[in-house]
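Step one of this worksheet: look at the structure below.
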Amino acid sequence: MRVTSLNTAATMMRNINNNASSMNKLMDQMAQQTRLLVPSDDPIASTRMIQISREQAAIGQYKSNISTVSGSLAQQETHMDSINKQLLAMRDKLLIASNGTNTSENMDGYGNELQAMMESIVAELNTKNEDGRYIFSGTKTSEQTVMFDEASGKYVFQGNNEQRESTVANGIDIKENTTVGD
């Protein structure tokens, strides 16, 4: 095969164009500070980058769920502690009232105090979260937890004892509520 000067010039021009194209691609990569400009640059790395992006989004959601559940459980714990203290105070008042030396005026006073304590407990059980949902109603968060039934003269539980769950890690769900039954 015979090599002519025209052939040599064409080869040199082709190499110069290829190098210029490679240089432009490198300049674009440097300007955008990324190795992959288009998925065809490295299909395997592109696929891996998409997987990493999905994992980062899932981790962000897990963090959000953990924060929400933590705040919700702390709020529930505060209300449950308050209810527990009210119940202990009610028990003490009932023990004092069971003493046979009390007058009818004393008993009326104890009755009023116990009624106020009961209303306070019902108010705690009917607490709503920042989203306006009842925190102790199980999965029926739009319904008031406890309500006074005028016809029967009793307090009626309106929620259910089902648990709400939030995913806090891959395959790990945590219960996010305390029900009245619990």
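- With hydrogens and angles ignored, the 3.5 Å screen pairs no side-chain donor or acceptor of S21 with any backbone N or O of N17.
- Annotation: the span from T68 atom OG1 to Q61 atom CD amounts to 8.5 Å, rounded to 0.5 Å.
- At a threshold of 4.5 Å between non-hydrogen side-chain atoms, the residues R54 and I50 count as touching.
- Heavy-atom contacts from other residues, nucleotides or ligands closer than 6.0 Å to CD1 of I44 number 12 or fewer.
- Remark: D81 CG to E124 CD distance equals 9.5 Å, nearest 0.5 Å.
- By the salt bridge (charged side-chain N to carboxylate O under 4.0 Å, His left out) test, D42 is found to be paired with R35, residues two or more places apart in sequence or in another chain being considered.
- No continuous path of ILVMFWY side-chain contacts below 4.5 Å connects Y110 to L94, so the two sit in separate hydrophobic clusters.
- Connection of I96 to M90 is not established within any shared hydrophobic cluster, with ILVMFWY side chains joined at heavy-atom distances below 4.5 Å, either directly or through further cluster members.
- In this structure, CD in Q144 is found 10.5 Å from CG in L125, a value given to the nearest 0.5 Å.
- With values rounded to the nearest 0.5 angstrom, T127 atom OG1 is found 4.0 Å from H79 atom NE2.
- In terms of modelled atom types and a separation under 3.5 Å, the side chain of S120 and the main chain of A116 share no donor-acceptor contact.
- No donor-acceptor contact under 3.5 angstrom links the side chains of E55 and Q51, judged on distance only.
- Contact of the F157 side chain with the T145 side chain is registered, since non-hydrogen atoms from C-beta on lie closer than 4.5 Å.
- Counting heavy atoms from C-beta on, the side chains of K93 and M117 come closer than 4.5 Å.
- Within 6.0 Å of the CG atom in L6, the count of heavy atoms belonging to other residues, nucleotides or ligands does not exceed 12.
- Side chain of S70 to backbone of I66: no donor-acceptor contact under 3.5 angstrom is found.
- Under the 3.5 Å distance criterion, the side-chain polar atoms of S64 are left unmatched by any main-chain donor or acceptor of G60.
- Here CG of N24 is found 11.0 Å from CG of N19. Values are rounded to the nearest 0.5 Å.
- Residues R164 and N177 approach most closely at N-OD1, 2.8 Å, considering heavy atoms.
- Residue Q158 holds its CD atom at 9.0 Å from CG of D149, rounded to the nearest 0.5 Å.
- Heavy-atom contacts from other residues, nucleotides or ligands closer than 6.0 Å to CD of E119 number more than 12.
- In terms of heavy atoms, A97 sits closest to N102 at O-ND2, 3.3 Å.
- With T78 contributing its side chain and A74 its backbone, the two residues share a donor-acceptor pair below 3.5 Å.
- M118 and I83 fall within a single hydrophobic cluster, where Ile, Leu, Val, Met, Phe, Trp and Tyr are joined by side-chain heavy atoms under 4.5 Å apart, directly or via other members.
- With hydrophobic clusters built from ILVMFWY side chains whose heavy atoms lie under 4.5 angstrom apart, V122 shares a cluster with F136.
- Annotation for S98 and L95: closest pair OG-O, 2.7 Å, computed over non-hydrogen atoms.
- Side chain of S137 to main chain of E143: a donor-acceptor pair is present (N/O by atom type, distance under 3.5 Å, no hydrogens or angles).
- In summary, the side chains of S72 and E176 do not present any donor paired with an acceptor at a separation below 3.5 Å, with no hydrogens or angles considered.
- Atom CE of M147 has 12 or fewer heavy atoms from other residues, nucleotides or ligands within 6.0 Å.
- Here N129 pairs with Q75, D131, R133, I135 under the side chain to side chain contact (heavy atoms under 4.5 Å, CB included) rule; sequence neighbours left out.
- V156 and Y134 fall into different hydrophobic clusters, where Ile, Leu, Val, Met, Phe, Trp and Tyr are joined by side-chain heavy atoms under 4.5 Å apart, directly or via other members.
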